[in-house]
Amino acid sequence: MISLRTALVGCGKVGQIHAAALASLPESQLVAVCDQSDDRAAGFAARFQVQAFTDIHALLRDARPQALLIGTPHPLHVAPALAAAAAGVHVLVEKPLAATLADCDAMIAATHRAGVRLGVISQRRFYEPVRRMKEAIDAGKIGRPILGVFEMFSWRDRAYYQSDPWRGRWDTEGGGVLVNQSPHMLDLLQWFMGDIEEITGTWGNLNHPYIEVEDTALAMLRFKNGGLGSVVASLSQKPGLWTRVHVHGSNGASVGVETDRGATFVAGVSDIAEPPLNDVWSIPGEEHRLADLQTEDRARFRQINATTHYHALQIQDFLRAILEDRPPLVTGEDGRAVVAMFTAIYRSQRERRPIQFPPLSAE
Ligand SMILES: NC(=O)c1ccc[n+]([C@@H]2O[C@H](COP(=O)([O-])OP(=O)(O)OC[C@H]3O[C@@H](n4cnc5c(N)ncnc54)[C@H](O)[C@@H]3O)[C@@H](O)[C@H]2O)c1
């Protein structure tokens, strides 16, 4: 097996999952880690027996990685991505790709120019019940996808927002539930339904007075295929209830996934507690499959560590994409499409109007 020299920047909570994957995948030889904190970089370096850096430019120059995984706070994804592209290094970035469309465009342009791959983490695409839905939709089993619904009733407490100084602030996080917890499901909604025509959105902070950003957001969507959609994403339910994406088709059939039961997990703090499952499956002639699909998914959940497994699958797909000279399953453009969704929701509330797609980055 040919392996790639890999490195990561961001030795924080999700960085633990990244480092474990990069240290164990056969396609990866983890050579270096970087964090602005000396202690964090040194701690990861000792644990994974690699070089430690506090400066990304020094890492790129001295450790000569071929691929870089970025797990810094959202507005700080762009700088290491541009540095990596300039050094001819492939880049996989944590969600969201960036906090602004301008940063996404800079990353896409720089990686195109350098001829390197750009990917964004959206590990729920690798969940079996999600893939099953995508295959059923692509095979035409629900006709045309005409109504897509993403609901999240989750919870984050004061301790979560106080765990790192960058959380809950417009300047250092770029937004709230839309930017941090929703990108996975915004990505799924668009993956299932296709391109967006128009978004009308609104948001508020319902019960987290100690943060600046929104804890709840709503949106109505029109898709280019003529379908409609809705988003209700909230972190205000205690305990968290569920996160679901449902797609209803032109033949009347529906498929759906509960990606998260309870509150969505906090990387490095809590684990995925319940198995992701198809919770709706009314394809004509397949209605009886739902119980078996759930049994299969529950059995798999007992055998794997879901918190790390799907991240590892996506990181492996990205490394194989480099080795096989093909696009990864989730590209930089897919990451930009999610940033376009939350940008449009913020803009729609600010300007009190529906936002046509694609929204311009400079507006
Ligand atoms: N895919 C997922 O399920 C998932 C889960 C958690 C977090 N994330 C994403 O990962 C990113 C990080 O989240 P986290 O919870 O690990 O945050 P964190 O605060 O725990 O970790 C961030 C790390 O980046 C370091 N850092 C900050 N600025 C830096 C810089 N300029 N150079 C080098 N290092 C720097 C910090 O010191 C810290 O160690 C976010 O974008 C978040 O959305 C994704």
Side-chain angles (χ1 to χ4, degrees), residues 7-21 32-45 52-60 68-84 92-100 103-104 107 119-127 152 154 156 159-169 171-188 213 243 259-260 263-272 276 305-315 318 330 335 338-339 342:
L8 67 89
V9 55
C11 300
K13 297 186 190 63
V14 82
Q16 301 171 47
I17 296 177
H18 296 162
V33 295
C34 176
D35 199 285
Q36 64 178 9
S37 146
D38 254 332
D39 286 353
R40 288 192 179 188
F44 266 50
F53 293 86
T54 52
D55 173 37
I56 189 63
H57 299 280
L59 180 152
L60 292 165
L68 178 71
L69 183 37
I70 299 178
T72 48
H74 324 141
L76 303 176
H77 290 172
V78 62
L82 297 185
L92 179 57
V93 185
E94 259 302 347
K95 46 55 53 173
L97 181 61
T100 66
D103 282 357
C104 293
M107 291 155 93
V120 65
I121 295 282
S122 186
Q123 78 270 15
R124 284 170 180 75
R125 276 208 203 184
F126 291 77
Y127 287 6
M152 175 163 63
S154 189
R156 288 291 184 265
Y160 167 81
Y161 288 107
Q162 290 177 344
S163 64
D164 301 290
W166 60 273
R167 295 184 195 278
R169 295 172 41 161
D171 59 346
T172 49
E173 182 158 13
V177 64
L178 279 173
V179 170
N180 195 319
Q181 287 77 23
S182 302
H184 300 276
M185 278 61 66
L186 296 176
D187 176 57
L188 294 186
V213 295
T243 301
T259 54
D260 301 77
T264 53
F265 81 107
V266 181
V269 176
S270 60
D271 279 328
I272 298 174
N305 177 346
T307 309
T308 55
H309 177 74
Y310 296 99
H311 252 100
L313 282 185
Q314 181 167 3
I315 294 167
F318 185 76
V330 197
V338 167
V339 178
F342 64 66

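When a ligand or atom number is given, it counts from 1 through the structure's own listing order. All heavy atoms count here, side chains included; hydrogens, waters and symmetry mates do not.
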Donor-acceptor pair, side chain of Glu94 and main chain of Pro73, under 3.5 angstrom: no
Checking the side chain of Asp35 only, and the main-chain atoms of Arg40 only, is there a donor and an acceptor separated by less than 3.5 Å? no
In chain-and-number order, ligand 1 lies under 4.0 Å from a heavy atom of each of Val9, Gly10, Cys11, Gly12, Lys13, Val14, Asp35, Gln36, Arg40, Gly71, Thr72, Pro73, His74, Leu76, His77, Glu94, Lys95, Ile121, Gln123, Asp164, Trp166, Arg167, His184, Phe265, Ala267, His311
(message) Applying salt bridge (charged side-chain N to carboxylate O under 4.0 Å, His left out) to Arg124 and Asp260, what does each step give before you reach the verdict?
(response) CA-CA 10 Å; Arg124 284 170 180 75; Asp260 301 77; 2.9 Å; yes
Donor-acceptor pair, side chain of Thr243 and main chain of Thr259, under 3.5 angstrom: no
Item to complete: Just do the salt bridge (charged side-chain N to carboxylate O under 4.0 Å, His left out) check on Asp164 and Lys13 with the steps written out, would you?
Response: CA-CA 10 Å; Asp164 301 290; Lys13 297 186 190 63; 2.3 Å; yes
Taken to the nearest 0.5 Å, the spacing of Phe126 CZ from Leu313 CG works out to 6.5 Å
